[in-house]
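These notes concern the structure reproduced below.
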Amino acid sequence: MSPLQGCLLLSAALFSVGLVIALARSNAILVLLGIELMLNAANLNFIAFWRFHSGAAPATGVIFVLFAIAVAAAEAAVGLALVIALYRHQKNLRLQEATRLRG
Amino acid sequence: MIAAALTTDSFLERLPVLARDTVTGRLPESWRWMAGSLLEIIAILAGFGLLFAYLTLAERKILGRIQNRPGPNRTGWFGLLQPFADGVKALTKEDVVPAGADRVLHFLAPVVLVAVSLLGFAVLPFGRHLVAVELDTAVLYFFAAGTATELAVFMAGWASHNKYSLLAAMRALAQLISYELPLLLSVVPVVLVAGTLSTTKIVAAQGGWSLGFVPHWHVFTPWGAAGFVLFMVAALAESNRSPFDLPEAESELIAGHLTEYSGFKYALFFMAEYFGMCALSGMAVTLFLGGWGAPLAQLEWIPSYAWFTAKLLVLLLGFIWIRATLPRLRLDQLMKFAWKFLVPLTLLNLANAAGWSLTAGWTGPLQLVRWAVALALVAVPFVVLGRTLSAGSAPRTYRFA
Amino acid sequence: MQLSATHLWMIPALPLLAAAIGSLTPRGGRKLAAGAAIAAMIGAFVLSCGALVTALAQPAVHASANFTWFALGNEVVRVGWLLDPLTAFMAVMVTFVGTLIFIFSLGYMKEDRNFTRFFCFLSLFAAAMLGLLVANSLLLLFVCWELVGLASYLLIGFWFHKPAAAAAAKKAFLTTRIGDLGLLLGLLWLYHVRGSLLCYDGGAGVLEQGSLTALAGTTVAGGFALSTAIGLLIFCGAIGKSGQFPLHVWLPDAMEGPTPVSALIHAATMVAAGVFLVARVYPLMLADQALASVPVHALTVVAGIGAITALLGAAIAVAQNDIKRVLAFSTVSQLGYMMLALGVGSWVAAIFHLLMHAFFKALLFLGAGSVIHAAHHEQDVRRLGGLGRRMKATFATFAVGTMALAGVPFLFSGFWSKEAVLHAAHAWPVSSLPLLVGLAAVVLTAFYMTRLITGIFLGAPRTDAAAEAHENSAVMTGPLLILAACAIGLGFIGTPAWPWLQSNLGGIVVEPESIWEAPGLMLLSIGLVVTGLGAGWAVYGRRRNVNASSVDPLAQAAPGLFAVLAARLGFDEFYAATFGRLNTWVAALADGLDRRVWDSLVSLLARAGEFSGVLNREADEDILNRGFDRTSATVRGVGQTYSRAQAGETHGYLRTVALAFVVFALVLLLGGVR
Amino acid sequence: MTFTFLILAVIILGSALAAALRPNLIHCALLLVVSWLGVAGFYLWAGAEFVAFAQVLVYVGALSMVVLFAVLLTRQSRAELRVDAPETRRAVWAVIAGVAVSGVIGAAVFATKWDPAPVTAPEVTVRGLGLELMGAHAAALLLLGVLLTAALLGAVVLAAPDRPEKEEKS
């Protein structure tokens, strides 16, 4: 197994764990954190390819990750603000109860 | 890489490196790296541990002198053994963990705090050849390492199972987050002008003298002076020092998030605070005061680490002096100060530094223009913002005091 | 100092600038507004003197500076400035008298709230008048002419809160507008025929020989020469502005404005504009003289109108009690003299009289203003009296003005100019009627001026206001003294012994009638003046202690005639009964048309629109809407069906996404796609 | 495959898995912080120093704080932090989905024929990175600034109370 494959497998596993957290836990904050984990897994892939795979310009992977981190920060800020708004509406954070937009 | 430059330096200058090489030179090649790192860690731990011990003593003595009392003077000669007595006391005290507390986190909080506050020392260049880790991104590393302190404060507050501790921790967090912004922003101009994130290169960029006696330290430029002041103010708040010591205000908040800590855990918190103070002061020395550089070319024979230590001590004594002088701020004043005063000023200072580096080629009378503009960019916003913020709040008059 | 025609525009520009300054000055800036106005007038006076020097260097030349104002297609409208002795003398007179009136106003309007506005209007008035004088184009002249009308409207109605003032302003504006209509028509006709309105344009101007020959050579309906028709139309404007019969009715009413305004209107500017206009287009008027075939020459009409006006004004003035009204009718009468002089062919005598009259009439009006100001705005002769002792300067200057107006021989300017007019009339071959009328007016003039001066200054005060009056400040008496000096001294520039003015007015060659040729006429006229003065003294001068309510001696002697004269021969009533009623009737007709015919037409159209709208709506609702309703119901049903997939459960969505990803990835993997 | 990498993988996955299982919300959050630190360690191991420190600054320094604040702001009592255990049915489905995804990705990784990888790490200095960011990626950087500003304002608007003035009155 090459280092690249190892990294990709780690990333896949991390992604799955994030997915499981997001799917299984009912607390909205934890769901958000699971999504953050998935994003981290994606970033991990970028770095892995940047390091172990010949390709584009030398700094592309790093820059990609930097942008991804910044976007993730923005996403988390908005997400947590949404969580607070959600809490103000239904006095708890159980995501399965936030079904007011059901068709 | 260091060895090449070594031969030209004086013996005193080379002494620490020589000492390390003497120890590691006896070991097999593959072990040298590990042993060298260990030696450096031990040196930092020992040096700053001792510094911490005598800093507490110095603080107590100086505060005492300022408050017209002798301070500790019973243990040893002039009370010089007092820190050790305190250490023994802290070690032998009962370690109380409140019922219902999160035991793991309660234990982890001081450990994490001390650990992360030690991390910053790794990138500080103590002397010409004395830096534990030479990183391309040293400044970033320094502040990244410092961020975990907030986590530790939160852990301490939350794990104590005490609502006052938790509230105090939240307040402390708010303060730390608020002041981290001006702290980081006041560093950016230095990075911008020096063109690097490496601490050693930043120190190197401040080498040399103009007119033969004015060192090229950043503090001697308009933006640098402003940046230094802003950095030190934010550093005071980051290390929870007076007048920003709200998180642990003993007299008002029963020591805040530290309420439920006693014995050696409390001592660890204490230690972490001093370590943080030392690290930030060391960073200030590195960024603004020319690091280990000597103020005059004639004084270069004194070894560089001595200069660094001297500057560091001056800053630390300044911290103590400020603590003895200024009263504590109210929380809203603290927040207002950070967001409405420090942050705008640091942003302006950043623009100022950008202008400074753009006009680096100006000579002759243009140089005067450059200085005038930069000075105006420092002074005018300071005065205007200060006037605006303090409008309506005249000095208080006390009727019965 | 010289001022060429090219720079002539600066003369009106200065007061215009002052007017702009005055209009932008807030109410408190009295010194700025007044200072700017007076400084501008003094500046204009200096420039006018320069222009006069330039003009006198070559009296026979009409120096002009023309330029293109704008172009409409091929039609190029050109305007310009004209410098000849007529312009120069008039400009000097206007600026000089104007300056004195402005200074006088400083004192007279001191208490008025709208002081700055007053000076703004005065400056505008002066600017318009000066613009009229320097214009070489009849179009530009017309523009300034209307501006004069506007400024007079603003000034007569300056105290517009007084209903009488507002009405007088309106009357002046509308009445002069009737004359202006004739003027405009004349100008349009002239432009249509000649394609230009420039007076002098190096041979191509309308007042130059080529144009005049063409105009006189064309005959229009009724056997009139074209020049006669156009000249008479232009003369209509002069009738309106100069208050000639039958449009004289506005002039006495214009007394409602502040007295300096009356002085300005009657002495220097507005009424003089009419005479000036006729004088300016005199070549056009003269063009038909040589033609024997025309039924009536233009100048004959002018002479006739002038004679009627002269007699009429003098007669009415006899029976008026308001100081300013007496002076106003006197102005009407004197303007009649000028027109008469123009009509009988003595252009120089007319201008001479115009200039002299400007000075002594300004003097009289300002003196009247001084009296009115001192007597707390009491203008009724019957309620004054005995002011001579307390207002010596005013009395003396007013007496000088009276004697100049009456034509007391040899010393006073009025005598020389009046004699010139009478002799010109005497020499007129067409008819002796103007001469007789003129002589009659001489008697009447002397009579009513004696009545006025004795009523104001002699005898005992008849009211408290008159008793408390005292002399005004130097800012008001100063101009009076200067004008009095002019009223005496200026006459000598046109005496037969030294006809300096006559020889210099040159531009048009009309031999001045020497008054020595008919010494009998002069003696007769002197005798008539003495008769008038004596009669006045006999009737009014000896009856010192009459009280304010007593009946006028003339009214006792001839009550019917006096009443008719006092009612100004009923012109106002006559106009009200004829034109006024016609106007009302036409308005009623138009109103009826509006209400009945047009209204019903419009509402019919509206009904039609309404009906089509109803049709439209019905079609919309029945046909279009139903179709849309059905479609949208279908769409809504589909949407409801699909929206069941929207479970609202976030986990479910995420799970679906994940499993879908697995399925697609499997498909790709098993399909062997790399 | 090095020893360091294995340790890092264990830290990352272990703390993440633990976070998936712990009932206590605070513990979950702190464990995820550990996981993020592990990812930062991975970046360091891979030679991307700058990204590693950025990861620490953003995730450990800022995001964790926001998360903890959110946790404390949305809680009424300490007991509430003990989140209910996942419902069994949903948990099973979640695990199935997770295993399926990782299985598919793993299969894809093994099914792909990778080029013989160049072992030399690409050299990226901070200076080079900065020049690249300010040069080729300047537009993206500007957009990112706009995005962050918008996110900040949006977060403030979302989290602010609906009608503060009404609350003052009551």
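Residue numbering restarts at 1 for every chain, and letters A, B, ... go by the order of the sequence lines.
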**Q.** Atom of Arg90(D), atom of Leu23(A) and distance for their closest heavy-atom approach
**A.** NE-O, 3.3 Å
**Q.** Beyond-backbone contact of Phe5(D) with Leu10(A), side-chain heavy atoms, under 4.5 angstrom
**A.** yes
Q.
Just verifying a value: how many Å separate Phe42(D) CZ and Asn40(A) CG, rounded to the nearest 0.5 Å?
A. 11.5 Å
**Q.** Residues which pass side chain to side chain donor-acceptor pair (under 3.5 Å) with Ser35(D), listed by chain and number, not counting sequence neighbours
**A.** none
Q.
Among Ile29(A), Ile63(A), Val78(A), which residue has the highest count of heavy-atom pairs closer than 4.5 Å to chain D?
A. Ile63(A)
Q: Could you tell me whether the side chain of Arg51(A) and the main chain of Tyr43(D) form a donor-acceptor pair under 3.5 Å?
A: no
Q) In Å and rounded to the nearest 0.5 Å, what is the CG to CG distance from Leu141(D) to Leu66(A)? A) 9.5 Å
Q: Could you grab the distance from atom CD1 of Ile12(D) to atom CG of Leu37(A), nearest 0.5 Å is fine?
A: 10.0 Å
(Q) Quick check on Val58(D) against chain A: is it the side chain, the backbone, both or neither that has a heavy atom closer than 4.5 Å? (A) side chain
Q: Calculate, to the nearest 0.5 Å, the distance between atoms SG and CH2 belonging to Cys7(A) and Trp45(D) respectively.
A: 4.5 Å
Donor-acceptor list for residues 92-106 of chain D side chains, cut-off 3.5 Å, not counting sequence neighbours:
residue	atom	partner	partner atom	Å
Ser102(D)	OG	Ser16(A)	OG	3.4
Ser102(D)	OG	Gly98(D)	O	3.0
Ser102(D)	OG	Val99(D)	O	3.0

Q: Mind running side-chain contact (heavy atoms from CB on, under 4.5 Å) on Leu14(A) and Val39(D) for me, showing each step along the way?
A: CA-CA 10 Å; Leu14(A) 187 60; Val39(D) 173; 4.1 Å; yes
(Q) Between Tyr59(D) and chain A, with a heavy-atom cut-off of 4.5 Å, which part of the residue counts as in contact: side chain, backbone, both or neither? (A) side chain
Q) Where on Ala48(D) is there a heavy atom nearer than 4.5 Å to chain A: the side chain, the backbone, both, or neither? A) both
Q. What's the verdict on side-chain contact (heavy atoms from CB on, under 4.5 Å) for Gln55(D) and Val65(A), showing C-alpha distance, side-chain angles and the deciding distance?
A. CA-CA 9 Å; Gln55(D) 165 97 357; Val65(A) 174; 5.8 Å; no
(Q) Could you measure the distance from the CD1 atom of Ile69(A) to the CH2 atom of Trp36(D)? Nearest 0.5 Å is fine. (A) 11.5 Å
**Q.** Spatial distance of atom CD1 (Ile21(A)) from atom CG (Leu17(D)) [nearest 0.5 Å]
**A.** 7.5 Å
